[in-house]
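For the single chain, residues carry numbers from 1 onward in sequence order.
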Amino acid sequence: MTNVKDKVVRLAQMAVLAALIVILQQFSIPLGANSLCLVLVPLVMGAVLHGPLAGAVLGGVFGAVITWLAVEGRLGVLTTMMLSESAVLTIAICMGKGIAAGWVAGLIAKALKNKPMLGTLLASAAAPVVNTGIYFLGITTVFRDTALRWAAQDPNVAYTGGSILYLAIFILIGLNFVIELSANVVLAPAIRTVVNAVRKMR
């Protein structure tokens with residue numbers, strides 16, 4: 001009976017975190033070519049609380065929401081161009097970066113379960129690094145020409161030419177990544193507090 005109750009509680013917690021991911025992404029802040037991702041905190045919380053698989057599942061929810069917004073054309077011109085260039089690869093990046101971010105965060109927290117605060121801090125930092133890193137790889141490899149073409153055509157982009165690395169790091173990623181990483185690291189103690197409180201309730 002206890003095992004059944006634990007599973008029900010775990011599913012309920014996962015459902016709440018998944019709902020938070022959907023809601024927070026709906027209220028994301030447009031920032032340059034992309035939007036500021038504010039959903040990694042509940043993703044990390046789930047990964048720390050329930051492990052790598054739970055993190056991957058929540059990352060999949062995050063990726064699915066991003067994919068949906070991309071198909072609707074709500075993530076900016078560059079993403080729309082990427083979809084028209086290769087819908088399969090664009091969706092693979094959207095899904096892959098979310099799933100990998102949650103999975104890695106869970107692995108780190110699990111590996112450092114004897115040092116919970118350090119594990120939570122590193123998991124919180126890893127999620128935006130992995131999420132942004134996979135996007136960076138996609139932009140600098142398979143969508144290199146698409147990104148350069150977008151930068152040259154969009155009058156709102158402060159890009160006067162140069163390497164794809166400059167475009168990816170300083171225009172496409174820059175501020176987004178810094179804010180996401182900072183927010184996750186700053187909120188790591190709060191995440192740890194919530195995780196401890198949830199575990200005490202069991």
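- Residue Leu83 comes nearest to Thr90 through the heavy atom pair N-OG1, 3.5 Å, listed as atom of the first residue, atom of the second, then distance.
- Leu49 is not connected to Ile99 by any chain of hydrophobic side-chain contacts under 4.5 Å among Ile, Leu, Val, Met, Phe, Trp and Tyr, and they are in different clusters.
- Thr132 is linked by a side-chain contact (heavy atoms from CB on, under 4.5 Å) to Ile173, Phe177, Glu180, counting only residues two or more places apart in sequence or in another chain.
- Every side-chain contact (heavy atoms from CB on, under 4.5 Å) that Val185 has, sequence neighbours left out, goes to Leu121, Ala125, Leu181.
- Ala54 approaches Arg10 most closely through the heavy-atom pair CB-NH2, 4.1 Å.
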Stepwise side chain to side chain contact (heavy atoms under 4.5 Å, CB included) test for Tyr166 and Ile171: CA-CA 7 Å; Tyr166 176 86; Ile171 296 180; 4.2 Å; yes
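- Residues passing the salt bridge (Lys or Arg N to Asp or Glu O under 4.0 Å) test with Arg144: none are found, sequence neighbours excluded.
- Taking OG1 from Thr120 and NZ from Lys113, the interatomic distance works out to 14.0 Å, rounded to the nearest 0.5 Å.
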For the pair Cys94 and Phe62, evaluate side chain to side chain contact (heavy atoms under 4.5 Å, CB included) and give the outcome as yes or no after the intermediate values. CA-CA 9 Å; Cys94 290; Phe62 168 47; over 6 Å; no
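- Atoms CG and CZ, on Leu187 and Arg192 in that order, are 14.5 Å from each other to the nearest 0.5 Å.
- Of all heavy-atom pairs spanning Tyr135 and Ile93, the tightest one is CA-CG2, 4.3 Å.
- Considering only heavy atoms from C-beta on, Leu167 comes within 4.5 Å of Trp150 through its side chain.
- Among residue pairs with one or both ends in residues 13-26, none qualify as salt bridge (charged side-chain N to carboxylate O under 4.0 Å, His left out); sequence neighbours excluded.
- The salt bridge (charged side-chain N to carboxylate O under 4.0 Å, His left out) contacts involving residues 79-92 comprise Glu85-Arg149, where partners must be two or more places apart or lie in separate chains.
- Within the structure, the salt bridge (charged side-chain N to carboxylate O under 4.0 Å, His left out) test picks out the following pairs touching residues 49-73 (sequence neighbours left out): Glu72-Arg74.
- Other cluster members for Leu122: Trp103, Val104, Leu107, Ile108, Leu112, Leu118, Val130, Ile134, joined by side-chain heavy-atom distances under 4.5 Å among Ile, Leu, Val, Met, Phe, Trp and Tyr.
- With sequence neighbours excluded, no residue satisfies side-chain contact (heavy atoms from CB on, under 4.5 Å) with Leu137.
- The distance from atom CD1 of Ile91 to atom CH2 of Trp68, rounded to the nearest 0.5 Å, is 14.5 Å.
- Residues Met95 and Leu89 do not share a hydrophobic cluster, clusters being chains of Ile/Leu/Val/Met/Phe/Trp/Tyr side chains in contact below 4.5 Å.
- Hydrophobic cluster membership differs between Val71 and Met82, with clusters built from Ile, Leu, Val, Met, Phe, Trp and Tyr side chains linked at under 4.5 angstrom.
- With rounding to the nearest 0.5 Å, the separation of CG in Leu11 from CE in Met14 is 8.0 Å.
- Not counting sequence neighbours, Gln153 has no partner by the side chain to side chain donor-acceptor pair (under 3.5 Å) test.
- The closest side-chain heavy-atom distance from Ile139 to Leu172 is below 4.5 Å.
- Taking Ser124 as the reference, nothing meets the side chain to side chain donor-acceptor pair (under 3.5 Å) condition, with sequence neighbours excluded.
- With rounding to the nearest 0.5 angstrom, the CD atom of Gln13 is 4.0 Å from the NE2 atom of His50.
- Cluster annotation: Leu148 is connected to Val77 through the hydrophobic network of ILVMFWY side chains, with a link wherever side-chain heavy atoms come within less than 4.5 Å.
- Nearest heavy-atom pair across Arg199 and Val48 is NH2-O, 3.0 Å.
- Residues passing the side-chain contact (heavy atoms from CB on, under 4.5 Å) test with Val194 are Met45, Val198, sequence neighbours excluded.
- When all heavy atoms of Gly46 and Leu58 are compared, the pair lying nearest together is CA-CD1, 3.6 Å.
- Here the straight-line distance linking atom CD1 of Ile66 with atom CD of Gln25 works out to 3.5 Å at 0.5 Å rounding.
- Looking at heavy atoms from C-beta onward, Ser86 lies out of side-chain contact with Val142 at the 4.5 angstrom threshold.
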Going through the distances and angles, do Phe136 and Leu165 end up as a side chain to side chain contact (heavy atoms under 4.5 Å, CB included)? CA-CA 9 Å; Phe136 173 81; Leu165 292 179; 3.6 Å; yes
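- Contact between Gly98 and Leu43 at its shortest, heavy atoms only, is O-CD1, 4.1 Å.
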